[in-house]
Amino acid sequence: MSSHSDLLVAQIQGAIARAIERGDLIGSVPANIPLERPKNRDHGDYASSIALQLAKLAGKNSREVAELLKKDLEELPEVATVEIAGPGFINITLNRASQADLVRTILNAESGYGQGSALAGVKINLEFISANPTGPLHLGHTRWAAVGDALGRVLSAAGATVTREFYINDRGNQMDLFGQSVQAAAFGEAIPKDGYKGEYIIDLAKSVVAQNPKITDLPASERLIAFRESAYQLQLRDQQRVLETFRTNFDTWFSERSLHDGGSVEHGLDKLRKQGHVFEVDGATWLRTTDFGDDKDRVLVKANGDLTYFSSDTAYYINKRERGFDICIYMLGADHHGYIHRLKAISACAGDNPEYNIEILIGQLVKIMEGGEEVKLSKRAGTIITLEELVEKVGVDAARYTLIRYPVDTPMVMDIDVLKRNTNENPVYYVQYAHARIAAVLRNAAELKIPSGLENFDPAQLNHDRENKLLGSLAEFPRVVAGAAELREPHRVARYLEELAGVYHGFYADCRVLPMGDEPITSLHSARINLCAATLQVLKNGLELLGVNAPERM
RNA sequence: GCGCCUGUAGCUCAGUCGGAUAGAGCACUCGCCUUCUAAGCGAGUUGUCGCAGGUUCGAUUCCUGCCAGGCGCACCA
């Protein structure tokens, strides 16, 4: 993916090196050259403020420094003009035809356009949702289902090997309480206090009994376990089914129990002991997480011999690392932000680098508004609205897109009424509409038998301002994907697509693509059709990264 | 008390590495469909980037303090 920006950066670095050799500049060549696409079109296709940074060190006026670099840039065949503006900005305008050649790059790369290699060779474990198998997935899980899945796609696009993992919290008191609740429902008894309520418990009880009618005859001790285990399996399968319809697929469903049954917890404890961060007080076994920024030490084994949930966490982290993952990403809800320090401390206690091997992303809350009021009721779960209910209301595409388009560290409000609307207010339709519109143009072009292959593509034809702007946006895509992966922020892809859709609509309004009436067919028509096809490809690739459909017709 | 997150237009929000005149959508005003999807396009109006300092050529962005809001601080899971 060699882009114009890479080319320009390399040329600027070369120019600086030559200037240093001549003695015009002192110091070394900076590794990072600032190069941006200016908001203002008068500032060229690309602009760099490098001269302002170098001026200090060189003891020269920054405009003088810019002049030193100007000639070298002008030598590039791809560059049309170089201007020095303001305090010393270098504004670069590309040769139109060379910029239009991007269409060729995109159409040849197809779905590969936008893929990069920044994370090549890095094995990432991406853990998200990780709900208890004791009830339906609700709104909080839904945000992660959408964002986590999109992040997985974006990281893969950056070259990483990604494993999506769902940690099943299938151990502990909650499971027992769950079993008791389902059993009580089966016998029509009162749900134990602090037990699970909601219609789904009754449905589960019916399913469990239907599956195994003899369950009610079992002796009490066996019966409770049987209820718990059957209901667990049914509820887990229900979560899997719902996630599948939401287009969120996991590579690994990791059971907390398996950590204990497989000896991973003991193994983890051993490892931490060897690292020297385990101690005993009051009969309990502790991990000295305060050595690494936690505000208090944490108990691994209680005085009564029981293992804490925290012990599972440590064992799980160590297990992930031993499975070969370089980076373990945890996506947690806002109510778990207190876990950041202790999880980082686990990594440090295990002898890893907590700045690299472990990352914790915290997602803030989601609220749903409908008819001007907050929606809280859920028929199924009794309290909070479920993933399935949200999808029933607005569909998978709108739900996924809306959840992804905001940074996760800010609380968000989903307005159901807006999501049902098919207008500009609803960004998912805006982007999808652009895709469908282009698809229609290409269908018509094929029908008119206009030569449209790349062999008929003359980049020099594309010199309208709108075409130029569209090409500029298309060129940004690989950079946007790389940035989204690096910063773990898939919403950047969504925002980019909205901008691209807007730029396309502008082009469409001013640049007629197909011949009118009996107008003769020219190479401009062919060129524009190729530009449309390239835009279609980028919209499609972008939507694919979000797991949102790119419809051919709307 | 300690910790995490947030504060940008009337509303909902973008704005990685500090850059030129801080951007979208909605709302409001006005234009554009007898030929490619008007679910669209164009033009206009809207700001003490929470407050106060600091760092520097330059701060919405980085640092410190304060104010306001959300959330969390178990030998629960």
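Comparing the same atom, P, in B/rG47 and in B/rA9 gives a spacing of 10 Å after rounding to whole Å. On the C1' atoms, B/rC30 is 48 Å away from B/rC4, given to the nearest whole Å. Remark: the separation of the P atoms in B/rC5 and B/rC62 is 12 Å, to the nearest Å. A gap of 36 Å separates the C1' atoms of B/rU46 and B/rC36, to the nearest Å. Of the C1' atoms belonging to B/rU61 and B/rU45, the separation is 28 Å, rounded to the nearest Å. For the P atoms, the distance from B/rC41 to B/rC49 is 30 Å, rounded to whole Å. Distance noted for atom P between B/rG18 and B/rG31: 47 Å (whole Å). Here, B/rA22 and B/rA59 have their P atoms 13 Å apart, quoted to the whole Å.
Among the heavy atoms of the strands, none lies under 4.0 Å from A/Ala439. Among the protein residues, A/Arg528 comes within range of no part of the nucleic acid, since none of its heavy atoms lies under 4.0 Å from any strand. As judged by a 4.0 angstrom heavy-atom cut-off over every strand, A/Gln53 is placed among the base-contacting residues. Nucleic acid contact class of A/Arg443 (heavy atoms, under 4.0 Å, all strands): base. Nucleic acid contact class of A/Asp282 (heavy atoms, under 4.0 Å, all strands): base. Residue A/Ala334 is classed as a sugar-phosphate contact, given heavy-atom separations below 4.0 Å to backbone atoms only. Nucleic acid contact for A/Asp170: none, since no nucleic acid atom lies under 4.0 Å from a heavy atom of the residue. Across all strands shown, A/Glu552 has heavy atoms under 4.0 Å from base atoms, whether or not it also approaches the sugar-phosphate.
At whole-Å resolution of the value, CD in A/Glu499 and C1' in B/rA24 are 9 Å apart. Residue A/Glu64 contributes atom CD, which lies 17 Å from atom P of B/rC57 at whole-angstrom precision. We find that NE2 of A/His435 is positioned 18 Å from P of B/rA39, with the value rounded to whole Å. Across the protein-nucleic acid pair, A/Ile84 atom CD1 and B/rA20 atom P stand 17 Å apart, rounded to whole Å. Nucleotide B/rG40 holds its P atom 18 Å from the CG atom of A/Leu470, rounded to whole Å. Here B/rC36 presents its P atom at 13 Å from CD of A/Glu519, a figure rounded to the nearest Å. Following rounding to the nearest Å, A/Tyr504 (OH) and B/rA24 (P) show an atom-to-atom distance of 21 Å. Rounded to an integer number of Å, the gap from A/Leu343 CG to B/rG72 C1' is 14 Å.
In this structure the side chain of A/Val394 never reaches within 4.5 angstrom of the side chain of A/Thr402, judged on heavy atoms. At a threshold of 4.5 Å between non-hydrogen side-chain atoms, the residues A/Asp45 and A/Asn468 count as touching. Side-chain contact between A/Ile362 and A/Asp409 is absent, with no heavy-atom pair separated by less than 4.5 Å. Between A/Val441 and A/Leu514 the shortest side-chain heavy-atom distance falls below 4.5 Å.
Comment: A/Arg495 does not engage A/Glu489 in a salt bridge, judged by the lack of any side-chain N to carboxylate O separation of less than 4.0 angstrom. Under the 4.0 Å criterion applied to side-chain N and carboxylate O atoms, A/Asp194 and A/Lys197 are not assigned as salt-bridge partners. Under the 4.0 Å criterion applied to side-chain N and carboxylate O atoms, A/Arg37 and A/Glu499 are not assigned as salt-bridge partners.
Of the options A/Leu536, A/Val538, A/Leu531, A/Thr535, a side-chain contact (heavy atoms from CB on, under 4.5 Å) to A/Tyr504 is made by A/Thr535 and by none of the others. Between A/Glu165 and the options A/Tyr330, A/Tyr316, A/Trp253, a side-chain hydrogen bond (donor to acceptor under 3.5 Å, both in side chains) holds for only A/Tyr316.
Under the stacking criterion of a centre-to-centre distance below 5.5 angstrom and an interplanar angle below 30°, A/Phe89 sits stacked against the six-membered ring of B/rA20. Stacking between A/His43 and the base of B/rA20 is present: ring centres sit under 5.5 Å apart and the planes differ by under 30 degrees.
Within residues 507-517 of chain A, the residues having any heavy atom closer than 4.0 Å to RNA chain B are, in order of number, A/Tyr508, A/Ala509, A/Cys511, A/Arg512, A/Val513, A/Leu514, A/Met516, A/Gly517.
Ring geometry for A/His505 against A/Tyr430 counts as perpendicular: the plane angle is over 60°, on a 0 to 90° scale with 30° as the lower cut.
For the pair A/Asn444 and B/rU37, the criterion of a side-chain N or O lying under 4.0 Å from OP1 or OP2 is met. For A/Lys296 and B/rC2, the shortest distance from a side-chain N or O to OP1 or OP2 is not below 4.0 Å.
When distances run from any side-chain atom of A/Tyr433 to the nucleotides B/rC76, B/rU37, B/rC75, the shortest one goes to B/rU37. Out of B/rA20, B/rC36, B/rC75, the shortest distance to the side chain of A/Ala303 is found at B/rC75. The A/His505 side chain lies nearest to B/rC41 when the options are B/rU37, B/rC73, B/rC41.
The salt bridge (charged side-chain N to carboxylate O under 4.0 Å, His left out) pairs that include a residue from residues 434-450 of chain A number zero, where partners must be two or more places apart or lie in different chains.
Residues A/Asp294 and A/Thr289 have side chains that bring a donor and an acceptor to within less than 3.5 angstrom of each other.
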**Report entry** Summary of protein contacts for nucleotides 4-17 of chain B, nucleotide by nucleotide, where a base hit scores B, a sugar-phosphate-only hit scores S (4.0 Å, heavy atoms)
**Finding:** BSS------SSSS-
Requested in this report: Would you write the dot-bracket representation of RNA chain B, where each base gets (, ), [, ], | or . depending on whether it forms a Watson-Crick or G-U pair under 3.5 Å and with which partner?
Outcome: (((((((..((((.....[...)))).(((((.......))))).....(((((..]....))))))))))))....
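With a glycosidic angle no further than 90° from 0, B/rC33 counts as syn.
Between atom CG of residue A/Leu390 and atom CD1 of residue A/Ile368 there is a gap of 4.5 Å, rounded to the nearest 0.5 Å.
Take the nearest nucleotide of RNA chain B for A/Gly283 and for A/Ala440: the residue whose nucleotide is more 5' is A/Ala440.
Listed by chain and residue number, nothing satisfies the salt bridge (charged side-chain N to carboxylate O under 4.0 Å, His left out) test with A/Glu256 (two or more places apart in sequence, or in another chain). Take A/Arg288 and apply the salt bridge (charged side-chain N to carboxylate O under 4.0 Å, His left out) test, not counting sequence neighbours, and it matches no residue.
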